[in-house]
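Taking it in order: structure first as structure tokens, then the write-up.
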Amino acid sequence: MRRLLSQPIPAFILSVGLLGVTAYAVSHFPRSIVAFMLFQASILVLYFARMPAWVKGPLAAVTLIVLMPVVGSINGYYLEIAIQVGIFVALALGLNIVVGLAGLLDLGYVAFFAVGAYTWAVFGSPQANQFLAGGLFPLPQWWFFVFLLLGVGMAAGAGILLGLPVLRLHGDYLAIVTLGFGEVIRVLANNLDKPINFTNGPKGITPISRPPIFFDPALRAVGIEPDPNVIYPLYLYFLVLAIVGVTILVNRRMEDSHLGRAWEAIREDQTAAQAMGVPLVRSKLLAFACGASFAGAVGVLFSAKQVFINPESFTFMESIGVLAMVILGGMGSIPGAVLGATVVTVLNLQVLKGLSLWLNELRNAGTTIFGWSLANLPTQLEPAKYERMVFGLILVLMMIFRPQGILPARRRHRELADGPGEKR
Amino acid sequence: MDFELLIGIFPQVLLDGLILGFMYALIALGYTMVYGVLEFINFAHSEIFVVGAFVGVEILLTFKALGWLDLVSPFLVLLLVLLVGMLASGLLAVSVERIAYRPLRGAPRLIPLISAIGVSFFLQDAVRLFESIWRNSFNLVYPTMETLNLRFNLTETIDVSVKSLVVIVASLLMLWALHALVNRTKIGKAIRAVAEDQATASLMGINVNRMISLTFLIGGAMGGAAGVLFGVQYSLINPYTGFIPGLKAFTAAVLGGIGNIPGAMLGGLVLGLLEAFAASYLSLLTGGAFGAEYKDIFAFSILILILIFRPKGLLGEVVRERA
């Protein structure tokens, strides 16, 4: 397989063939999770296949822009998964800047996601009428795009706000303080329903406006009657795709920029970096701000997608989930973050849920194994609820066996490779 | 503002704070001892604590099912539960160190921390998995024992339950025992030597690995004891119970000066008292605008402030530049 993939022509035939076959399989067995996972795996094969950029680029574009929506229209749940994967890819890429490039372990990353989500949720729903007079809210849908930028700004601001007090800390103390920050944001979201009702507390906010279908007239012009149930998932998918695209682009530009190199210098040896004239304070603050801003953008999108949000979506577990994605793929590696986010999301949404469904079917059918009926299986046993176990296993196993991740960053991660490194 | 009320509840709040404080102190010891020896935050310690609580509830529920709970003196039962819980938690802590931390010794500092977070998450769901299969429920309640729930009045407004006294006495005994162990015995001396300088300690003929395991055993046992006492005091437990107390106990350890055993005890008490007062007075003082729900934020703010302004803590005299 590896040899096939290393030669352009066989690689092209193999990856196109696999994509075709698996897409066909999905269309034939729309409810089979296995078929969809094979389809996802063939996208991975495409990534590894070696061919000229002018072939691979368009091929990847066709896969993501045409093939994926087609597959998604066969089974709507798959499009939902693709959207979720996209959201987590953007989050993982954002965290990758903070943890992977700058080496600042942030355990409260989901707080920035929450800031973005609440920014749009409060003003894109009637909620803001609770504390602003005039009955102006919800804002018209087109404000969504303004808030996409505003969410970026708010989250970046929160990043600087967190960054300022913790600049002097490093290593594990920094990790604990960011954890505390994440919890503080969640507790605030949970309790700021009084004395003035900003967030509606644990009950959450609904209904949140969705993004406007600005291309509605264009669709009608070509004779398509837009059905919101079909249009919205596709629309959100393309929005996520666009955000992920921008995120990847920014990440790649960032990596080799002045700032990116400064971050990596800080990660490897803070003192040496400072001696070489790297401005520590500014670089670290910018790392927090940049990382946070991506989370802010997807946060806005997330609240518009969900229509309903409450503090439950922004727990410590989510932060660790995103961290597990970054670690799995490889700290500091962009393709790694994408792969990690995809694998973990697929594990949670497909494998664990699939196991739950399967177990329930067996239970209901009263299947017996070795004379013991599965109908006796404890009802509390739901594999879908064991996300933490997945995250935990990923973190421990990766740290012990492959700390550089599945797709390590190109520039060798000296800190990980050298073993007993410098004790700062 | 109702000053009479403010003063009236003062002793009760003080008592609650003390109980909470002793609980935090016991858990904080686990963090601080490990940090003293390995300079590493054992993030999984909160789950070691929870496992102690679950071992305790399992024994008590079994006793109850067998009908032994009314036959034997509750204090004997409690002693047994405490010992078994300590043993289980201690052994778990040792095996966690052996499996997930020892292979990573010498790696950059963030690596074992991430591994510890992973262990913590894994253990939470492992407990849940076990209890889901075993009891088909993972929210468990400590069975009530009549004698322990007796309350007696100190004054007209303050009453104390027997179990609160048990918690305080047990904590004091354990803190004293630990203090004696670390400061008066040869083993304690060896542990302190390892904490001071591993290489030199090993040159002096101290088995460093064994001392590290022992540190985890003792810290874990303290955590397990805290788990059992937590269950006895507050009754309700679930696999995720440990997170917040764990974080607060870590705060307590930092507050007292991490790596410093008396500091952890002091930090625990201070934090417990502060939290109890915040929980009951915040709402009264702000006219109901901010209530007890902000007590967690209160603890985190203390943590952040301490780390920024006095990272060595209240009693930390050993200042080492750490990454």
Side-chain angles (χ1 to χ4, degrees), chain A residues 99 103 105 107 165-177 179-181 183-184 187-188 190-191 194-196 270 316-317 320 323-324 327 331 377-382 385-401 403 415-416 418-424, chain B residues 35 39-41 43 99-100 103-126 128-129 131-138 240 243-244 247 250-251 254 286-291 293-294 296-297 299-301 303-305 307-308 311 321-323:
Chain A
V99 177
L105 184 57
L107 297 182
V166 302
L167 276 175
R168 285 173 44 186
L169 310 170
H170 19 191
D172 31 17
Y173 276 4
L174 179 100
I176 294 289
V177 171
L179 193 171
F181 179 77
E183 284 299 294
V184 166
V187 173
L188 282 179
N190 221 348
N191 294 312
K194 64 183 184 325
I196 303 170
Q270 182 166 319
F316 177 56
M317 189 182 84
I320 296 302
L323 180 70
I327 302 270
M331 283 186 273
L377 221 57
T379 47
Q380 285 290 331
L381 190 68
E382 290 168 274
K385 296 281 164 76
Y386 289 87
E387 290 169 327
R388 286 159 187 264
M389 197 174 255
V390 172
F391 297 159
L393 277 176
I394 289 176
L395 291 178
V396 177
L397 295 179
M398 291 306 285
M399 284 303 102
I400 294 180
F401 296 109
E415 202 183 344
L416 299 179
D418 278 356
E422 77 287 33
K423 274 210 166 178
R424 273 166 290 161
Chain B
Y35 200 94
E39 292 198 11
F40 141 75
I41 301 172
F43 208 89
I99 295 166
L104 302 174
R105 218 178 281 161
R109 308 176 53 103
L110 290 185
I111 302 293
L113 178 64
I114 293 172
S115 175
I117 295 172
V119 172
S120 157
F121 266 47
F122 175 80
L123 285 179
Q124 288 178 1
D125 267 355
R128 175 175 172 158
L129 183 65
E131 291 296 344
S132 296
I133 294 174
W134 179 244
R135 294 210 180 264
N136 198 15
S137 161
F138 52 87
Y240 312 116
F243 178 59
I244 291 288
L247 210 54
F250 176 76
T251 305
V254 173
T286 58
F290 299 101
E293 64 273 13
Y294 283 97
D296 292 350
I297 290 194
F300 297 137
S301 315
L303 174 68
I304 295 174
L305 291 178
L307 282 177
I308 292 167
E321 173 63 6
R322 36 182 115 269

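Please read these numbers as outputs of a predicted model, since none were measured by experiment.
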Tell me, do B:Leu303 and B:Leu247 make a side-chain contact under 4.5 Å, heavy atoms counted? no
Quick one: are A:Phe181 and A:Pro165 in side-chain contact, heavy atoms under 4.5 Å? no
Can you measure from CE (A:Met399) to CG (B:Leu110) and round to the nearest 0.5 angstrom? 9.5 Å
Residue part contacting chain B, namely of A:Met398, when any heavy atom lies under 4.5 Å: neither
Interface check, chain B: of A:Val99, A:Leu323, A:Ile196, A:Leu393, most non-hydrogen pairs under 4.5 Å belong to A:Leu393
Quick one: what part of B:Arg128 sits under 4.5 Å from any heavy atom of chain A, side chain, backbone, both or neither? both
Could you work out, with ring-ring contact (aromatic ring centres under 6.0 Å, His included) as the rule, every residue matching B:Tyr240, not counting sequence neighbours? none
Out of B:Ile297, B:Val254, B:Thr251, return the one with the most heavy atom pairs under 4.5 angstrom to chain A. B:Ile297
Where does B:Leu104 contact chain A at under 4.5 Å (heavy atoms): side chain, backbone, both or neither? side chain
Got a second to check how far B:Ile111's CD1 is from A:Leu105's CG, nearest 0.5 Å? 9.5 Å
Could you work out, with ring-ring contact (aromatic ring centres under 6.0 Å, His included) as the rule, every residue matching B:Phe243, not counting sequence neighbours? A:Phe316
By a 4.5 Å heavy-atom criterion (distance strictly below it), what part of B:Ala299 contacts chain A: side chain, backbone, both, or neither? neither
Is A:Leu179 in contact with chain B via its backbone, its side chain, both, or neither, using a 4.5 Å heavy-atom distance? side chain
Say you draw a straight line from CG of A:Leu397 to CD1 of A:Ile394; how long is it, rounded to the nearest 0.5 Å? 8.5 Å
Engaged part of A:Ile400 at the chain B interface, taking heavy atoms whose separation is under 4.5 Å: both
Engaged part of B:Phe300 at the chain A interface, taking heavy atoms whose separation is under 4.5 Å: side chain
Please classify the contact between B:Leu123 and chain A as side chain, backbone, both or neither, with a heavy-atom cut-off of under 4.5 Å. neither
